[in-house]
Amino acid sequence: MVKTKIYIYGASGHGQVLSDIARACGYDEVVFLDDSSDTKFSKDLPKFDIFIGVGVNDTRAILQEKVQKCGFKVVNLIHPSAVISPSAKFGVGVCVMPNVVVNAFAKVSDGVILNSGCVVEHECVIERFAHISPNAALAGNVYVGEFSHIGIGSSVIQGIKIGSNVSVGAGSVVVRNLAPNGVYVGVPTKFIKEK
Ligand SMILES: CC(=O)SCCNC(=O)CCNC(=O)[C@H](O)C(C)(C)COP(=O)(O)OP(=O)(O)OC[C@H]1O[C@@H](n2cnc3c(N)ncnc32)[C@H](O)[C@@H]1OP(=O)(O)O
């Protein structure tokens, strides 16, 4: 039987979760690439599938572009317990953690993290390298700009637009559009500072 191998670039806690998901997806062997690991990334490594296991949004984007330029195939890691509409569209380098729901006609772009148990409702658009934290819920038609982070357990009502490079604090409730490059917290969310 052919062994299937995947590199996970980044051996932090996030990387370890991805390793579990990779195994649940059928990979037999996970090789971590990290500055502190025995194996470091090199363009000369054998070309197995690869996934960037870094939670920091802009670093993940830089590394994903680097490995793609070196000819590696960046895959998606989607846990088998996730419930995903057949009409949802995905980029590459997307991870979907256990118990996530992605409903009809949602669009999830390259490098997005859909963390454990989050809900992405119908027709949401999640732009590149955004992160939807555990148990966050996005109602229908929500737009999340690139590099934005939606905090753990937060909720966003339908039709809201969240700009790029925004942080929404843990447990927040978003009921108005959020301008780019800001940190917003609370119920309902209020702007607290620039990013
Ligand atoms: C699997 C995983 O682990 S995925 C990761 C999940 N983690 C998250 O979702 C974390 C989300 N991050 C947060 O909520 C952070 O608190 C942030 C990004 C909103 C703000 O962090 P910082 O920039 O470090 O701000 P800081 O901690 O200094 O807080 C600034 C003020 O906002 C308040 N504040 C911070 N977060 C929140 C929040 N979620 N809700 C309400 N108020 C908050 C603080 O109490 C503080 O108020 P004060 O000035 O009156 O004392």
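All values reported here derive from a predicted model rather than from experimental measurement. Atoms within a ligand are numbered from 1 in the order they appear, just like the ligands themselves.
- Residue contacts with ligand 1 for Ser116 are absent, since no atom lies close enough (heavy atoms, distance under 4.0 Å).
- The aromatic rings of Phe129 and Phe147 sit parallel to each other, their planes meeting at less than 30°, with 60° as the upper class boundary.
- Under the salt bridge (charged side-chain N to carboxylate O under 4.0 Å, His left out) criterion, Glu146 pairs with Arg128, not counting sequence neighbours.
- Considering only non-hydrogen protein atoms, atom 37 (C) of ligand 1 sits nearest to Val185 CG1, 3.6 Å.
- In the candidate list Lys195, Lys190, Lys193, Lys193 is nearest to atom 28 (O) of ligand 1, counting heavy atoms.
- No more than 12 heavy atoms of other residues, nucleotides or ligands sit less than 6.0 Å from atom NZ of Lys73.
- In terms of protein heavy-atom proximity, atom 29 (O) of ligand 1 is nearest to Ile192 CD1, 4.7 Å.
- Crowding of Arg176 atom CZ: a count of heavy atoms from other residues, nucleotides or ligands under 6.0 Å not exceeding 12.
- Relative ring orientation between His131 and His14 is described as tilted, the plane-to-plane angle lying within the 30° to 60° band.
- For atom 12 (N) of ligand 1, the nearest protein heavy atom (residue, atom name, distance) is Ala170 N, 4.3 Å.
- Closest protein heavy atom to atom 5 (C) of ligand 1: Ser133 OG, 4.0 Å.
- Looking at atom 9 (O) of ligand 1, its nearest protein heavy atom turns out to be Ile152 N, 2.7 Å.
- The number of heavy atoms from other shown groups lying within 6.0 Å of NZ (Lys195) is above 12.
- Near Asn115, meaning under 4.0 Å from any of its heavy atoms, are these atoms of ligand 1: 1 (C), 4 (S).
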Could you give me the CA-CA distance, side-chain angles and deciding distance for Val174 and Ile157, then say whether side-chain contact (heavy atoms from CB on, under 4.5 Å) is met? CA-CA 6 Å; Val174 184; Ile157 69 167; over 6 Å; no
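- At least one side-chain heavy atom of Leu18 sits under 4.5 Å from a side-chain heavy atom of Met97.
- Under the salt bridge (charged side-chain N to carboxylate O under 4.0 Å, His left out) criterion, Lys69 pairs with Glu65, not counting sequence neighbours.
- Contact between Gly171 and ligand 1 is absent, with no heavy atom of the residue lying under 4.0 Å from the ligand.
- Protein heavy atom at the shortest distance from atom 20 (C) of ligand 1 is Val183 CG1, 4.2 Å.
- Protein heavy atom at the shortest distance from atom 15 (C) of ligand 1 is Gly169 CA, 4.9 Å.
- If you look at His149 next to ligand 1, the close heavy atoms, those under 4.0 Å, all belong to the side chain.
- The proximity of Val17 to ligand 1, defined as any non-hydrogen pair under 4.0 Å, does not occur for either the backbone or the side chain.
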